[in-house]
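These notes concern the structure reproduced below.
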Amino acid sequence: MLLSGKLESYLAELNQQAEDTFFQLIKHIAERDGITEQLKAENQLEWVSTMNSIRNRAEEIIFNDYIYS
């Protein structure tokens with residue numbers, strides 16, 4: 001791929017797919033766990049802590065699916 005000049009476009013596309021999946025995962029997990037804007041307004045520390053946990057879980061899923069496999 002490097003010699004044919006397709007490596008950069010392949011990596012850019014892979015990066016975009018991983019990024020899109022990452023944000024969809026965060027949204028899905030937050031909805032599933034009942035994380036709402038109301039929680040954000042009422043208890044910001046809990047919301048931040050929970051969202052950081054969700055982000056870490058989503059990163060691990062992306063790493064396993066796109067990088068380590």
Side-chain angles (χ1 to χ4, degrees):
M1 292 182 101
L2 180 60
L3 295 176
S4 67
K6 296 180 182 180
L7 182 61
E8 276 191 47
S9 63
Y10 171 76
L11 291 176
E13 183 179 328
L14 184 62
N15 183 55
Q16 187 62 47
Q17 289 175 355
E19 196 173 294
D20 291 344
T21 304
F22 175 71
F23 290 117
Q24 288 175 356
L25 273 170
I26 289 175
K27 183 178 177 182
H28 175 73
I29 294 170
E31 287 174 357
R32 185 192 68 199
D33 290 354
I35 307 306
T36 63
E37 289 296 317
Q38 182 179 356
L39 176 62
K40 184 178 180 181
E42 293 174 357
N43 191 342
Q44 290 180 354
L45 289 176
E46 181 181 348
W47 183 85
V48 168
S49 173
T50 305
M51 289 304 292
N52 283 339
S53 174
I54 290 170
R55 184 179 178 93
N56 290 336
R57 286 186 278 168
E59 279 182 356
E60 284 300 315
I61 292 168
I62 295 299
F63 288 157
N64 286 326
D65 289 352
Y66 286 91
I67 297 174
Y68 302 140
S69 62

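Side chains included, hydrogens not; waters and symmetry mates left out as well; all remaining heavy atoms used.
You'll find the side chain of E42 stays beyond 4.5 Å of the side chain of W47, heavy atoms only.
In I67, the CD1 atom is crowded: over 12 heavy atoms of neighbouring residues, nucleotides or ligands sit closer than 6.0 Å.
One distance of note links OH of Y66 with CZ of F22; it measures 12.5 Å at 0.5 Å rounding. Atom-to-atom distance recorded for I62:CD1 and F23:CZ is 10.0 Å, nearest 0.5 angstrom.
Side-chain atoms of T21 come within 3.5 Å of backbone N or O of Q17 as a donor-acceptor pair. N56 places a side-chain N or O within donor-acceptor distance of the main-chain N or O of N52, the cut-off being under 3.5 Å. Between the side chain of N64 and the main chain of E60, a donor-acceptor pair closer than 3.5 Å is present.
M51 and L45 are assigned to two separate hydrophobic clusters, defined by single-linkage of ILVMFWY side chains at heavy-atom distances under 4.5 Å.
Scanning both residues, I26 and A58, for their nearest heavy atoms gives CG1-CB, 3.9 Å.
The only option from D20, D65, I61, I54 that meets the side chain to side chain contact (heavy atoms under 4.5 Å, CB included) definition with L25 turns out to be I61.
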